[in-house]
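Throughout, numbering of the chain's residues begins at 1 and tracks the sequence. Any value given below was found using the heavy atoms of this structure, including those in side chains, with hydrogens, waters and symmetry copies removed.
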Amino acid sequence: MMLRMLPFLSLLLAPGLAAAQICEGTGLKPSPDGRVLGHFPYGDVSRDELVEAPEGFALGQRCMIRRDMLPDLQRLMAAAAGDPAVMGSLRGLSCHRAIIRQGNVFCREQPGDASSRAISVAPPGHSEHTTGYAIDFAVRPSPNCPDAEACMAATPAFRWLMANGPKYGFELSFPAANKQRVKWEPWHWRWVGASATAPGAARARFIFAKARAAFPANPAVADPVKVTVSAQPPIPAAPPAPEPRKGKRKRK
């Protein structure tokens, strides 16, 4: 048992080790940008930075999230609860997942090799869930659609999230037809703050900077770009040409 845990312990000590041996000795080598099977590396958040999501949000087990994200999540839940267009309530199917737990999810018995598994679940050390800023949403009552399935995109709750999620700092990490080699996940949203100056937003945006630049979310939280135009001093007019000096006439 201890031997099977060693790969995950190494990931805890160095989360960026994308070439760690996981899942029965399969070596995963990172691409030049650090991704493993399409997923960027993320370190695990410290436990003292996690808080429990609002009461009634989690499905089944506890939902732990970054403290910075809590105010926006509360505002999103209140807005969704007050809008009949949602046709249900937004709940948390999965929130923070530690690297060891992510390894259990990734390596659990299912058909296909690591490459095929990575289309729908990130390898340990490379999941947005380890940051504490990602949530898998679900809807209750269930709209005749299993949790974490693409059919969620046909629900009123998803349409509400598409229209309103960015207002509360949430963006869809893996939109349809993304080029990150990750399947479309209408349930998976990450928090980056509704504005760059929101408490904690700078840190979240730094963590997701590579992913947001290379594979933009859709919908995404807008990042206003400040264009600073330096004032150029006026070009002085050319001085007038001096008049030719009149020479003295020579005496004959």
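- Residues Asn178 and Pro216 are not in side-chain contact: their nearest non-hydrogen atoms beyond the backbone lie 4.5 Å or more apart.
- Using a 4.5 Å heavy-atom threshold, the side chains of Val86 and Arg159 count as separate.
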Open item on the list: Could you walk me through whether Arg117 and Ser120 satisfy the side-chain hydrogen bond (donor to acceptor under 3.5 Å, both in side chains) test, starting with their C-alpha distance in whole Å, then the side-chain angles of each, then the deciding distance to 0.1 Å, before giving a yes or no?
Closed with: CA-CA 6 Å; Arg117 288 196 299 270; Ser120 58; over 6 Å; no
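- Remark: of the listed residues Tyr133, Phe137, Phe208, Tyr133 is the sole one forming a ring-ring contact (aromatic ring centres under 6.0 Å, His included) with Trp191.
- Transitive grouping of hydrophobic side chains (ILVMFWY, heavy atoms separated by less than 4.5 Å) brings Met69 and Leu76 into a common cluster.
- For Asp136, the side-chain hydrogen bond (donor to acceptor under 3.5 Å, both in side chains) partners at least two apart in sequence or on another chain are His129, His188.
- No chain of hydrophobic side-chain contacts below 4.5 Å, direct or via other Ile, Leu, Val, Met, Phe, Trp or Tyr residues, connects Val192 to Phe174.
- No path of Ile, Leu, Val, Met, Phe, Trp and Tyr side chains, each step under 4.5 Å between heavy atoms, connects Val45 with Ile100, placing them in separate hydrophobic clusters.
- In terms of heavy-atom proximity, His39 sits nearest to Pro123 at CD2-CD, 3.7 Å.
- Under the 4.5 Å side-chain heavy-atom criterion for Ile, Leu, Val, Met, Phe, Trp and Tyr, Trp187 and Ile119 are members of distinct hydrophobic clusters.
- Side chain to side chain, Asp83 and Trp160 meet the donor-acceptor criterion of an N or O pair below 3.5 Å.
- Considering all non-hydrogen atoms of both residues, Ala118 and Leu37 come closest at CB-CB, 3.4 Å.
- For Met64, the side-chain contact (heavy atoms from CB on, under 4.5 Å) criterion is met by Leu50, Glu52, Arg62, His96, not counting sequence neighbours.
- Phe40 places a side-chain heavy atom less than 4.5 Å from the side chain of Gln180.
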TODO: Evaluate the criterion side chain to side chain contact (heavy atoms under 4.5 Å, CB included) for residue pair Leu73 and Ile135; output intermediate values, then yes/no.
DONE: CA-CA 10 Å; Leu73 178 60; Ile135 290 179; 3.9 Å; yes
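- Within the structure, the disulfide bond (SG atoms under 2.5 Å apart) test picks out the following pairs touching residues 54-92 (sequence neighbours left out): Cys63-Cys95.
- Between Ser173 and Glu185, every side-chain heavy-atom pair lies at or beyond the 4.5 Å cut-off.
- Closest of all the heavy-atom pairs between Gly165 and Trp189 is CA-CZ3, 4.4 Å.
- Judged purely by atom type and a 3.5 angstrom limit, Arg91 uses its side chain to pair as donor or acceptor with the backbone of Phe57.
- Checked by atom type and distance alone, the side chain of Arg212 never pairs as donor or acceptor with a backbone atom of Ile207 at under 3.5 Å.
- For Tyr168, there are no ring-ring contact (aromatic ring centres under 6.0 Å, His included) partners, not counting sequence neighbours.
- The closest donor-acceptor contact from the side chain of Asn104 to the backbone of Arg108 lies at 3.5 Å or more, if one exists at all.
- In this structure, Asp147 CG and Leu93 CG are separated by 5.0 Å, a value rounded to the nearest 0.5 Å.
- At most 12 heavy atoms of other shown residues, nucleotides or ligands fall within 6.0 angstrom of atom CG in Asn144.
- Residues Lys210 and Asp33 are not paired through a salt bridge, judged by the lack of any N-O separation under 4.0 Å between the basic side chain and the carboxylate.
- Considering all non-hydrogen atoms of both residues, Pro219 and Pro166 come closest at CB-CG, 3.8 Å.
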Open item on the list: Would Met87 and Thr155 count as a side chain to side chain contact (heavy atoms under 4.5 Å, CB included) here? Give the steps.
Closed with: CA-CA 9 Å; Met87 297 184 66; Thr155 65; over 6 Å; no
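- Arg66 and Glu49 are joined by a salt bridge, as a carboxylate oxygen and a charged side-chain nitrogen come within less than 4.0 angstrom of each other.
- In this structure, the side chain of Ser89 engages the main chain of Arg140 through a donor-acceptor pair within 3.5 Å.
- Screening residues 137-204 for disulfide bond (SG atoms under 2.5 Å apart), with sequence neighbours left out, gives Cys145-Cys151.
- Under a 3.5 Å cut-off, the side chain of Asp113 and the backbone N or O of Ser116 do form a donor-acceptor pair.
- Contact record, Ser195 with Ala201: O-CB, 3.3 Å, taken as the closest heavy-atom pair.
- With sequence neighbours left out, the side-chain hydrogen bond (donor to acceptor under 3.5 Å, both in side chains) criterion links Arg190 to Glu128, Glu171.
- In this structure the side chain of Arg35 reaches within 4.5 angstrom of the side chain of Phe215, judged on heavy atoms.
- Between the OG1 atom in Thr130 and the CZ atom in Arg97 there is a gap of 9.5 Å [rounded to 0.5 Å].
- Val182 and Val36 fall into different hydrophobic clusters, defined by Ile, Leu, Val, Met, Phe, Trp and Tyr side-chain heavy atoms under 4.5 Å apart, directly or through other members.
- Within the 4.5 Å cutoff, the side chain of Leu161 has no heavy atoms near those of the Leu172 side chain.
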